[in-house]
There are 2 protein chains.
Amino acid sequence: MALGTDYETQDCSLARALEIVGERWTMLILRECFFGVRRFTDFQQRLDISKAVLTQRLSALTDAGVLERQPRGGRTDYVLTAAGLELWPALHALIRWGDGRSDPTRRRRIFSHGLCGTDIDEFGRCAHCESVPAATELRVRPGPGLGPATRTDPISMALRTERALLTPF
Amino acid sequence: MALGTDYETQDCSLARALEIVGERWTMLILRECFFGVRRFTDFQQRLDISKAVLTQRLSALTDAGVLERQPRGGRTDYVLTAAGLELWPALHALIRWGDGRSDPTRRRRIFSHGLCGTDIDEFGRCAHCESVPAATELRVRPGPGLGPATRTDPISMALRTERALLTPF
DNA sequence: CAGTATCCCAAGCGATACTG
DNA sequence: CAGTATCGCTTGGGATACTG
């Protein structure tokens with residue numbers, strides 16, 4: 001069986017999810033979306049991805065209902081839909097797992113609950129509010145593991161300060 | 001830049017995670033591990049994956065410290081390590097997201113907290129215990145969305161009953 | 001700016017056969 | 001049982017050039 005062409009025999013919905021978000025680059029694109037990136041050119045420059053591939057991925061995500069095209073200033077924004085926003089727990093879990101692999105004390109990005117300022121734990125929970133905040137309620141800031149600034153573009157610079165997730169650039 | 005060959009420029013640990021678990025088939029293999037599959041042949045038959053690819057994935061996961069080889073009865077078991085078990089939140093979030101995409105009332109697999117019997121929510125929480133149980137404390141049972149039994153092998157049949165995660169076959 | 005079009009190479013993967 | 005070896009196709013994707 002060719003994975004990607006026939007998921008019918010898989011008795012678990014994981015395969016269905018991977019069909020949409022399991023391709024190379026897709027998760028990285030979505031991470032950028034959560035960080036507030038919306039423009040084709042910004043995705044392309046930040047990820048250093050070929051334009052053909054980026055076009056294909058953005059279209060696939062749009063077709064799948066994860067992203068939505070919105071006109072802004074004569075240009076197109078790619079914005080997370082409700083279904084896309086629901087991917088946050090999965091994305092966050094992967095980020096935390098990747099972060100914990102080296103030195104857990106040196107995380108690269110730290111997420112906090114905007115309403116109360118408490119950092120969320122590895123399961124996405126805010127200990128103070130006893131809730132699992134949605135992505136729209138979170139803020140990001142650089143952690144101790146984030147390296148020195150190598151990029152000087154406006155987006156990279158903004159992401160070196162604390163900032164609400166999803167705020168458009 | 002070629003994704004998969006150079007993640008150094010990625011300022012987020014998501015890329016690091018995807019380097020290990022982002023390849024095709026890898027997540028499906030890990031799902032089987034959480035369900036208790038440990039043998040080469042069982043993976044191969046359940047996933048209908050080519051032996052060459054399975055070999056490569058199992059070796060990569062072993063090298064990455066996600067799986068561990070354990071001799072059992074003259075054969076080899078592939079068993080999740082502590083780092084592998086920590087992938088559960090990410091895997092669970094993806095499964096839930098994939099399940100919710102069609103009809104949320106018709107989930108295929110339902111996970112419950114073995115200690116108290118309460119189903120866990122989409123964030124992995126047990127409402128009764130106010131905790132996020134580890135994979136070792138969970139049980140799986142078929143949900144209303146699981147189709148009719150098409151496979152009659154022992155593993156598929158066992159997975160149509162309630163069962164603790166990670167129990168070896 | 002936001003793509004499309006073309007080219008071409010490399011990797012991924014399935015199928016099959018073989019092995020200790 | 002648990003792989004290796006070989007083959008050959010198909011896809012992915014980087015590079016470059018072009019377009020409304």
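Quick caveat: nothing in here was measured; it's all calculated off a predicted structure. Residue numbers start from 1 in every chain, and the chains themselves are labelled A, B, ... in the order their sequence lines are given, proteins ahead of strands. What's counted below: heavy atoms across the whole structure, side chains too, no hydrogens, waters or symmetry copies.
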Please determine, by modelled atom types, if A/Arg109 and B/Ser13 share a side-chain donor-acceptor pair under 3.5 angstrom. no
Taking only residues two or more places apart in sequence or in another chain, which ones pass side-chain contact (heavy atoms from CB on, under 4.5 Å) with B/Thr41? B/Gln45
Is there side-chain contact between A/Pro144 and A/Ile110, with heavy atoms separated by less than 4.5 Å? yes
Report yes if a side-chain nitrogen or oxygen of A/Arg57 is closer than 4.0 Å to either non-bridging phosphate oxygen (OP1 or OP2) of D/dG13; otherwise report no. yes
Dot-bracket line, read 5' to 3' along DNA chain C, where crossing pairs take [ ] and | marks a partner on another strand, Watson-Crick or G-U under 3.5 Å: ||||||||||||||||||||
Among residues at least two apart in sequence or on other chains, which ones pass side-chain contact (heavy atoms from CB on, under 4.5 Å) with B/Asp42? B/Val37, B/Arg39, B/Ile155
Within this structure, what is the CD1-to-C1' distance between A/Ile49 and D/dG13, rounded to whole angstrom? 9 Å
Ignoring hydrogens and angles, write down the donor-acceptor pairs under 3.5 Å from the side chains of residues 118-127 of chain B, residues two or more places apart or on other chains.
from	atom 1	to	atom 2	distance (Å)
B/Asp119	OD1	B/Arg141	NH1	3.0
B/Asp119	OD2	B/Arg141	NH2	3.0
B/Asp121	OD1	B/Phe123	N	2.8
B/Asp121	OD1	B/Gly124	N	3.0
B/Asp121	OD1	B/Arg125	N	2.9
B/Asp121	OD2	B/Arg125	NE	2.9
B/Asp121	OD2	B/Arg125	NH2	3.1

Whole angstroms only, please: what is the CG-P distance between A/Leu54 and D/dA15? 15 Å
Atom pair CH2 (A/Trp97) and CG (B/Leu14), whose distance is rounded to the nearest 0.5 Å: 11.5 Å
Counterpart residues, side-chain contact (heavy atoms from CB on, under 4.5 Å), relative to B/Glu137 (two or more places apart): B/His113, B/Leu115, B/Pro133
Take atom CH2 of B/Trp25 and atom C1' of C/dA11, then tell me their distance rounded to the nearest Å. 17 Å
Please enumerate all protein N or O atoms sitting under 3.5 Å from an N or O of nucleotides 1-6 of chain C, with distances to 0.1 Å.
from	atom 1	to	atom 2	distance (Å)
C/dA2	OP2	A/Thr41	OG1	2.8
C/dG3	OP1	A/Tyr78	OH	3.4
C/dG3	OP2	A/Tyr78	OH	2.6
C/dG3	N7	A/Lys51	NZ	3.1
C/dG3	O6	A/Lys51	NZ	2.6

Check whether NZ of the Lys or CZ of the Arg A/Arg57 lies under 6.0 Å from the centre of the six-membered ring of A/Tyr78 and within 45 degrees of that ring's axis. no
Output the rounded distance in Å from CG (A/Leu47) to P (D/dG14). 11 Å
